[in-house]
Novice: 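Below is one structure. I have some questions about it.
Order of the sequence lines fixes the chain letters, A, B, ..., with proteins taken first and strands second; residue numbering starts at 1 for each chain. Side-chain atoms are counted along with the backbone in the values below, which use heavy atoms only and exclude waters and symmetry mates.
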Amino acid sequence: MTTDSPIAAQSLFAAYAGVIDAALDALVAKDALPAGLARGAVTCEPPRDAAHGDLATNAAMVLAKPAGTNPRALATLLVEELAAHPRVASAEIAGPGFINLRLVDAAWIDELALIGTAGGDYGRSTLGGGTTVNVEYVSANPTGPMHMGHCRGAVVGDALAALLQFAGHKVIKEYYVNDAGAQVDVLARSAHLRYREALGEDVGAVPEGLYPGDYLVPVGQALAAEYGDRYVAAPESEWLVLFRQKAVAAMLVMIKEDLAKLGIVHDLFSSEAELQAAGKPEAAEAWLRAHDLVYDGHLEAPKGKTPEDWEPVELPLFRSTRFGDDQDRPIKKSDGSWTYFGADLAYHFQKAETADALVDIWGADHAGTVKRIKAAVAALTGAEGAKPKPFEVKLVQMVQLLRDGQPVKMSKRAGNFVTLADVVEEVGKDVVRFTMLTRKPDAQMDFDFAKVVEASKDNPVFYVQYAHARICSTLRKGAELGWAPSAANLALLGQEELGLVKLAAQFPRIVEGAALAREPHRIAFFLYDLAAAFHAYWNFGNDKPEKRFIVAQDKDLTEARLFLAAQIGQVVKNGLAILGVEAAQEL
RNA sequence: GCGCCCAUAGCUCAGCAGGAUAGAGCGCAGAAUUCCUAAUUCUGAGGCCACUGGUUCGAAUCCAGUUGGGCGCACCA
């Protein structure tokens, strides 16, 4: 388990939500507003258009109706209360009943100083309340190296885990190892072939139905070195389990290396085989039968095209239709072994025992199984009136790989899939990670090798990293002159500079919003906006030398601006840390 | 046939628990330009938020249906 300290700076917006709340209390005390009105819908947000002010609240619009008055009348009263607050420079009614607040400069200067104090903790939230969230992601079959089909889910899951941790959750980063199904038997047979090859046998082309990849060659060699020719002519029953276990272990080593190249390290690898050996699926089945949630029944024919060899069989079925699924699902096959779902159900039950909430990151090609697993978790954790454990399946859509605008063909059978390691090597970890997070996960995306490595402002990765590098460069330049960032004279900062602070100050609420929505891509978009504002200010200095960070002969002003630059850089760095992207010192 | 996801500027996409005149980049049209770091900068035009209904003070956002695209639909994983 990975745990961060729960120190968190209160978001400025949350603080002023409290001010608004207090103003409403004051109105209640004056009998100007009925007591006990629900205030859940009252917001305190930055207005869409910064020209409207620093903060806006919809309180008057939301409360007018239950208070039996009209929005503008209520807003007038509320404005009087709010305007009396020492940190509120102005409060005015706008549009249909919004109240726009402008804060005194000191409020933003204090926020800037707070960034300096909080440092790497700026933006950290207590939202999660220390509850444990299990994030399961990647969980690729241990039958070969990671390929690009796994990449998006891996990055999104990893960034989400970091985000939730930053937002005050304990997080368990988990990988489910499917080491019990037919595909790992195929792996074992493929390894056996390579084992015979390593002992000098001419095995020819890899037969259809076995994994052809070269990555099994060293596995065969290791088996040959360890066991000699003991299993060359032996029946499968003598070596299958052993070879399966050895080959899976080797694949996991490889997968972990691939993930490490992307900066991904899971806390926990859970083995399906161990789960089964421990009898977890049996226990789940018994429990479900006792609650009439599993019965022996006949499977419906597949929808649409019915295969020629279709025949009805009796199998133990889970009543997933009771929880919104389209049909009941088998937990065992006709040969008595567990279906993937049967084991997965027990696995999720196990996860639910050690976490307060579960999140799975899956590829969109598994969307069809979401309903049954959600049904299973609801059934297993929500028995006898208990509140089911929160469980979400986040689907990441397909990524189309392009090279110079042309689709890159991937065929697993032909063994020419694009591996994750190759792509990371070609374009770099940071580019892969950031690019995967520049689209909301439920939209399909293109990944064009040519475009993602382009070092220009059109490329969001470089645009954001360049902002940080530029800041570092400026600080170095200042240091050469003997000047260092200082919070001593921040009152010298003007409105343009405070504009940057106002944007940076949104970071804590962006973090919370992204964590609640389980959408780490929001961090990436925020960083792009912040970088854009920084670059715009920088360019401003081209025409107006007096607006540059370093102003000759003015130590106090320069040190205040260097402090500003340092804190913008800090926020960029904190955001990039969530995404798992380096904050480059120079490009 | 059924289920899930998507549809926003010419293109690629954001849109924050329903809020004000719907944003950014590219492209396009004008203009400026040797700059603390080295990717030039500024301004402008460009929209029935796929369509139709509904919910309400208020909808790109929520609900229902329609159209178009992606993914999936056996005891595989």
Side-chain angles (χ1 to χ4, degrees), chain A residues 40-41 43 45-49 52 56 58 61-62 64-65 70-71 94-98 100 139-141 143 178 181-183 299-307 309-311 313 315 325-327 329-335 337-342 344 363-371 393 395 397-398 400 438-446 451 454-460 462-463 466 469-470 472-474 476-478 481 506 509-510 512-514 516-517 519 521-522 524-526 528-529 532 535-536 538-543 545 548-552 558 561 586-587:
Chain A
T43 58
E45 298 174 328
R48 180 176 295 171
D49 186 345
H52 290 139
N58 63 354
M61 288 186 293
V62 177
K65 197 174 184 182
N70 69 70
F98 284 102
N100 291 327
S139 299
N141 285 337
T143 55
N178 300 132
Q183 80 287 345
L299 209 53
E300 293 173 45
K303 308 291 187 199
K305 56 199 186 325
T306 302
D309 57 346
W310 164 257
E311 50 187 53
V313 246
L315 294 168
D325 199 1
D326 311 304
Q327 56 178 266
R329 305 291 177 177
I331 59 171
K332 271 185 183 170
K333 305 181 205 171
S334 46
D335 68 359
S337 66
W338 297 100
T339 62
Y340 181 84
F341 173 63
D344 204 25
D365 51 342
H366 289 74
T369 61
V370 171
K371 280 184 180 176
V393 180
L395 297 175
Q397 291 292 324
M398 300 288 133
Q400 159 131 296
T438 50
R439 192 127 317 171
K440 60 185 172 191
D442 38 14
Q444 291 157 249
M445 77 181 293
D446 291 344
K451 282 188 188 164
E454 190 181 314
S456 80
K457 72 178 188 58
D458 303 339
N459 186 338
F462 285 88
Y463 195 63
Y466 184 43
R470 214 170 210 181
C472 291
S473 159
T474 305
R476 284 194 299 269
K477 189 100 178 176
L481 299 167
Q506 291 196 34
R509 63 185 293 279
I510 297 287
E512 293 190 346
L516 281 171
E519 289 183 350
H521 75 277
R522 293 187 191 185
F525 281 94
F526 169 76
Y528 182 84
D529 288 345
H535 289 307
W538 181 278
N539 292 329
F540 195 49
N542 286 341
D543 295 334
R548 293 180 186 178
F549 283 95
I550 294 172
V551 181
T558 296
R561 289 213 181 129
E586 51 194 329
L587 293 182

Novice: What I want to check is whether an N or O donor and acceptor connect the side chain of A/Asp529 with the base of B/A14 at under 3.5 Å.
Specialist: no
Novice: Counting heavy atoms from C-beta on, name the nucleotide in B/A39, B/A77, B/G3 closest to the side chain of A/Lys457.
Specialist: B/A39
Novice: With sequence neighbours excluded, what pairs up with A/Tyr463 under the ring-ring contact (aromatic ring centres under 6.0 Å, His included) test?
Specialist: A/Tyr528, A/His535
Novice: Would you indicate which nucleotide in B/A20, B/A77, B/C26 comes nearest to any side-chain atom of A/Pro47?
Specialist: B/A20
Novice: Going by heavy atoms in the side chains, are A/Glu586 and A/Arg476 under 4.5 Å from each other?
Specialist: yes
Novice: May I ask you to evaluate whether A/Lys440 reaches the phosphate of B/C5, defined as a side-chain N or O under 4.0 Å from OP1 or OP2?
Specialist: no
Novice: Nearest to the side chain of A/Ala367, which nucleotide is it out of B/C5, B/C4, B/C16?
Specialist: B/C4
Novice: Rounded to whole angstroms, how far apart are CG on A/Asp446 and C1' on B/C13?
Specialist: 11 Å
Novice: On RNA chain B, compare the nucleotides closest to A/Tyr466 and A/Tyr528; which residue's is nearer the 5' end?
Specialist: A/Tyr528
Novice: Look through every strand shown and name the nucleotide pairing with B/U21 as Watson-Crick or G-U wobble, where both distances are under 3.5 Å.
Specialist: none
Novice: Hey, is the side chain of A/Lys333 poking within less than 4.0 Å of OP1 or OP2 on B/C76, counting only N and O atoms?
Specialist: yes
Novice: Tell me whether A/His366 is stacked on the nucleobase of B/A77, counting only the six-membered base ring and applying the 5.5 Å and 30° thresholds.
Specialist: yes
Novice: Let me know, please, whether A/Phe462 or A/Asp458 comes out on the 5' side of the other along RNA chain B by nearest nucleotide.
Specialist: A/Asp458
Novice: With no angle test and no hydrogens, is the base of B/C75 tied to the side chain of A/Ser334 by a donor-acceptor pair under 3.5 Å?
Specialist: yes
Novice: Which part of the nucleic acid, if any, lies within reach of A/His521 when heavy atoms closer than 4.0 Å are counted: base, sugar-phosphate only, or nothing?
Specialist: sugar-phosphate
Novice: Using both distances under 3.5 Å as the test, list the Watson-Crick or G-U wobble partner of B/G44, or none.
Specialist: B/C28
Novice: Should A/Lys65 be listed as having a side-chain N or O under 4.0 Å from OP1 or OP2 of B/C57?
Specialist: yes
Novice: So, OP1 or OP2 of B/A20: does either fall under 4.0 Å of a side-chain N or O from A/Arg48?
Specialist: yes
